[in-house]
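Residue indices begin at 1 and follow the sequence shown.
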Amino acid sequence: MGQCINHSLKKEELEEYQVLTFLTKEEIRRIHDTFCSSCPQGKDYKQEKLTIEQVCTWPQLKVNPFRDRICKVFSTDGYFTFEDVLGMASVFSDLACPDLKIEYVFRIYDFNEDGFIDEEDLQNVIRRLLNRNTLTEDEVVSLANHILEEADSDNDRLLSLTEFEYAMTKSPDFLHSFRIYF
């Protein structure tokens, strides 16, 4: 990989990106440098698209157990433009509003992408968050059921975004764990 052409951001571009995101100018510059380092030599970063596989290997995502889901939610048709990467980093910024973070975490946890978090989605979340050797499969199922019992206010065995938001307001520390540092 190499350096893309049009490598430096213009002052006006940097200011516009800052207005449109929850990111500082320094964070935008670091994201730009990371993006450009993955672009083929001589390509214009404004025209370039990176694959999910390329972005998932970045140190900022590499160890995240949800990296594939994060990349799927924030990519456009399996590819990342520079603006897609800025959007992803912005949502996980400390300055992003909690409601925005919750909406995207909900989408990340909705593995089957049906607009709800069901028991199977919760089991997937638990398995990814905990070392597989920590809990037995029966314990994973039991924990998922317990979460549903606590958070499912209409007893349909599904968490809607509203129910998920309400559950997350009870766990303010939860959102602080969703941060991608660039």
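Side-chain atoms of S75 do not come within 3.5 Å of backbone N or O of I52 as any donor-acceptor pair. Side chain of E15 to backbone of E12: no donor-acceptor contact under 3.5 angstrom is found. In this structure, the side chain of K72 does not engage the main chain of I108 through any donor-acceptor pair within 3.5 Å. Side-chain N or O atoms of D152 include one that pairs as donor or acceptor with a backbone N or O of R157 at under 3.5 Å. Of the possible donor and acceptor atoms, one in the side chain of D84 sits under 3.5 Å from a partner among the backbone N and O of T81. E165 places no side-chain N or O within 3.5 Å of a backbone atom of F106 that could act as its donor or acceptor partner.
For the pair T169/Y166, a side-chain contact is recorded, criterion being any heavy-atom separation below 4.5 Å from C-beta on. T34 places a side-chain heavy atom less than 4.5 Å from the side chain of Q60. The side-chain heavy atoms of Y79 and L50, taken from C-beta on, include no pair separated by under 4.5 Å.
A 6.0 Å sphere centred on CD of E83 holds more than 12 heavy atoms belonging to other residues, nucleotides or ligands.
Atoms CG and CD, on L61 and Q54 in that order, are 13.0 Å from each other to the nearest 0.5 Å. L130 contributes atom CG, which lies 10.0 Å from atom CD of E139 (distance to the nearest 0.5 angstrom). Atom SG of C56 is separated from atom CZ of F80 by 7.0 Å, given to the nearest 0.5 angstrom. One distance of note links OG1 of T24 with OH of Y17; it measures 15.5 Å at 0.5 Å rounding. Distance check: L122 CG to L148 CG gives 5.0 Å after rounding to the nearest 0.5 Å. In this structure, D110 CG and F164 CZ are separated by 10.0 Å, a value rounded to the nearest 0.5 Å.
With hydrophobic clusters built from ILVMFWY side chains whose heavy atoms lie under 4.5 angstrom apart, L143 shares a cluster with V105. Cluster annotation: L23 is not connected to L20 through the hydrophobic network of ILVMFWY side chains, with a link wherever side-chain heavy atoms come within less than 4.5 Å. No chain of hydrophobic side-chain contacts below 4.5 Å, direct or via other Ile, Leu, Val, Met, Phe, Trp or Tyr residues, connects L158 to I126. The hydrophobic clustering, which links ILVMFWY residues whose side-chain heavy atoms are closer than 4.5 Å, places L161 and L100 together. Under a hydrophobic clustering in which Ile, Leu, Val, Met, Phe, Trp and Tyr are joined whenever their side-chain heavy atoms come within less than 4.5 Å, directly or via other members, L95 and F92 fall into the same cluster.
Across all non-hydrogen atoms, the minimal contact from E163 to D154 is OE2-OD1, 3.0 Å. Between E48 and C39 the shortest heavy-atom distance is CG-SG, 3.5 Å. Closest of all the heavy-atom pairs between C71 and V55 is SG-CG1, 3.9 Å. Counting all heavy atoms, side chain and backbone alike, A151 lies closest to A167 at CB-CB, 4.0 Å. Closest non-hydrogen pair, D68 versus R128, comes out as OD1-NH1, 2.6 Å. Between I102 and M168 the shortest heavy-atom distance is CD1-CB, 3.7 Å.
Counted by atom type alone, S142 and N145 present zero donor-acceptor pairs between their side chains at under 3.5 Å.
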Criterion side-chain contact (heavy atoms from CB on, under 4.5 Å) on V125 and I117, from CA distance to verdict: CA-CA 10 Å; V125 169; I117 296 176; 5.8 Å; no
Worked verdict on K46 versus E13 for side-chain contact (heavy atoms from CB on, under 4.5 Å): CA-CA 11 Å; K46 292 179 184 177; E13 292 173 318; 2.4 Å; yes
Evaluation steps, side-chain contact (heavy atoms from CB on, under 4.5 Å), between E27 and T21: CA-CA 11 Å; E27 288 171 320; T21 66; over 6 Å; no
Y104 and F74: CA distance, side-chain angles, deciding distance, ring pair (Phe, Tyr, Trp, His ring centres under 6.0 Å) verdict: CA-CA 9 Å; Y104 276 91; F74 285 96; 4.7 Å; yes
From CA spacing to verdict: side-chain contact (heavy atoms from CB on, under 4.5 Å), E119, V141: CA-CA 8 Å; E119 184 178 351; V141 170; 3.7 Å; yes
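Using cut-offs of 30° and 60° for the angle between ring planes, the F66 and F111 rings count as tilted.
Salt bridge annotation for E137-R127: present, with a cationic side-chain nitrogen under 4.0 angstrom from a carboxylate oxygen.
For R69 and Y109, the positive end is not near the middle of the six-membered ring at less than 6.0 Å and at most 45° from its axis.
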